[in-house]
Amino acid sequence: MPKGPSRYTTENERTEPTVSAEKKAQTRADRDEKRRQEEQKDRRSMTVYTVVAVLVVVAAIAAMFWRSGVLQRSMTALDVNGTKYTAADLQYYYNSMYSENAQYYRFDSNTSVKKQVYDEATGQTWYDYLMDQAVQQLTRNTALAQQAKAEGYTLTEDTQAGLNSALAQLETAWIGYGYSSRDAYIQASFGPYMTYDRLVSLINMEYLASDYAVSKIEAIQHSDADFQTYYQEHADQLDTITYSQITFRCTLPTTDETGAAIQRTDEEQAAELEELKAGQKALAEEVQAKLNSGSDPASLAEEYADTLYGSSDGSRSTYANLAYFAYGDWLFDSERKAGDVTLIEEGTDTTYYYYVVRFEDRSLDQEETHNVRHLLVQAGEPTTTSQPSQEEYDQAEQKAQELLAQWKAGEATEESFTALVTENSDDSGSASSGGLISNITASSSYVESFRSWAIDPARKEGDVELVKSEYGWHIMYYVSTNDPIWKQNTAAALQNQDYEDLAGAASEGWTITRGTGMNFVSA
């Protein structure tokens with residue numbers, strides 16, 4: 001039998017199946033379709049990954065751009081008749097208004113001013129009020145500075161020296177405050193978007209506007225009739241009020257016996273404060289009842305010395321000094337009469353005050369005030385609280401005499417005395433101002449020997465003398481006798497009115513527009 005292909009194969013042999021041409025074609029088509037779908041899926045995945053990567057990069061760039069402050073520095077916060085100001089500019093003025101009011105404790109600096117009401121009738125917050133004041137002052141300075149430039153006005157010599165000094169301090173202040181650089185100090189002090197160049201520009205405008213306004217106002221002469229007319233219209237504010245007050249306070253502790261911070265919920269804080277308030281209010285009501293019965297304020301202050309927060313007996317003050325106290329308006333109400341007593345409450349989320357106040361008297365204070373300069377040579381060591389020995393007083397007197405002789409041997413002028421004080425006085429509170437103490441009256445709280453020398457009717461300008469006090473020896477220099485307080489306050493009020501008239505005329509018809517950049521001003 002001839003050899004040829006067998007009809008059968010063994011199980012170890014591989015056979016090649018027989019497939020039709022049509023089947024082969026379909027199989028290739030399926031493979032091509034599957035490969036096309038996989039490639040399309042890969043392309044979609046790559047697109048998604050690319051989009052995500054782009055978004056991440058865009059977000060990173062946006063975050064870097066935001067942190068750089070470029071956007072905040074470029075967006076308009078306030079448009080003053082075409083002059084555009086950014087958040088950094090407005091922050092400068094807002095901070096100024098905040099500090100001016102905070103130093104008199106007109107609001108709680110530990111609580112956001114956005115949560116504190118300035119005007120109960122309108123609901124205006126302290127933030128809104130401070131922002132309005134900032135906008136107003138920036139507008140005024142813009143108008144006055146532009147008018148000054150239009151008139152070719154230049155700074156006085158003294159003002160230019162003050163400006164130069166301020167700018168020089170800006171260059172070195174960061175060192176003393178421990179900042180890493182000048183710019184770090186500027187951003188920490190004037191806001192994160194402030195730059196050195198912008199700050200210098202704002203300071204220059206501020207000095208120009210102020211100096212120009214002063215020059216215009218000082219040229220205005222007010223007659224005695226102007227003073228009398230103003231007084232008659234504002235007697236409630238210009239009179240001197242005599243009053244007594246006893247204050248009780250309760251405040252929540254912020255740390256425990258170990259010094260660790262105490263954590264409270266809002267509800268716990270409110271409940272704990274209410275409990276403390278009840279006890280202090282009861283004490284205040286007791287004192288109020290006793291004052292109404294004719295008790296002496298000084299005796300009551302002594303009786304409650306262990307529990308009261310503060311007191312004063314027969315204090316004398318004008319409206320300018322009491323306007324922002326909770327009881328100021330009550331005292332200056334034209335209906336007040338001697339012996340009236342009130343209890344006024346005031347507080348925040350963590351501290352509460354109860355003021356018991358008695359109205360004593362109202363008068364137009366005609367007493368003249370006095371200005372002096374003094375150089376203190378302290379007896380004994382400045383850090384000790386014990387009474388100096390006679391030997392220490394003698395040593396202080398000898399040094400004071402030597403300094404006085406040194407001054408007399410020179411020009412012996414007020415200017416040279418000022419320089420002597422700045423270099424040698426042990427009174428750190430007044431040395432930097434040449435020892436100047438202003439508006440001293442018989443009721444001023446200075447030590448008796450100091451006060452008596454200053455208000456002596458025989459005193460004349462240029463008088464110099466050594467005066468002993470509990471602190472040591474003072475070289476006294478009599479500067480001047482001033483108008484009574486009421487007249488000084490009236491003069492200041494008239495000057496304020498002159499300033500408002502000047503600034504108002506300079507910005508008359510101007511358009512002021514607040515922009516979205518205002519949102520970047522920090523409260």
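- The backbone N or O of D226 lies less than 3.5 Å from no partner atom in the side chain of T229, so there is not a single donor-acceptor pair.
- The closest donor-acceptor contact from the side chain of R182 to the backbone of L170 lies at 3.5 Å or more, if one exists at all.
- Side-chain atoms of L208 and N204, non-hydrogen and from C-beta on, never get closer than 4.5 Å to each other.
- Between W126 and Y129, the ring planes lie perpendicular to each other; the angle is over 60°, past the 30° to 60° tilted range.
- At least one cation-pi condition fails for R373 and Y477: the charged atom is not both under 6.0 angstrom from the six-membered ring centre and inside a 45 degree cone around its axis.
- Here the side chains of F359 and L331 are in contact, with some heavy-atom distance below 4.5 Å.
- Not one N or O on the side chain of N95 forms a donor-acceptor pair closer than 3.5 Å with the backbone of Y92.
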Between F248 and Y354, does a ring-ring contact (aromatic ring centres under 6.0 Å, His included) hold up when you go through it step by step?
CA-CA 5 Å; F248 295 90; Y354 294 92; 8.1 Å; no

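- Side-chain contact between K337 and D340 is present, with heavy atoms from C-beta onward closer than 4.5 Å.
- The aromatic rings of F227 and W486 sit perpendicular, their planes meeting at an angle over 60°, well past the 30° parallel limit.
- Checked options Y127, F190, Y85; the residue passing with Y94 is Y127 (criterion: ring pair (Phe, Tyr, Trp, His ring centres under 6.0 Å)).
- For N164 and Q160, the side-chain atoms include at least one donor-acceptor pair closer than 3.5 Å.
- In this structure, the side chains of T83 and Q146 come closer than 4.5 Å at one or more pairs of heavy atoms.
- Ion pair D224/K487 flagged as a salt bridge, since at least one NZ, NE, NH1 or NH2 atom sits closer than 4.0 Å to an Asp/Glu carboxylate oxygen.
- Annotation: side chain of T490 is not in contact with side chain of H222 (no heavy-atom distance under 4.5 Å).
- The aromatic ring centres of Y185 and Y196 sit 6.0 Å or more apart.
- Under the 30°/60° scheme for interplanar angles, the aromatic rings of H474 and H374 are found to be tilted.
- Expressed to the nearest 0.5 Å, how far OG1 of T242 lies from CZ of R358 amounts to 11.5 Å.
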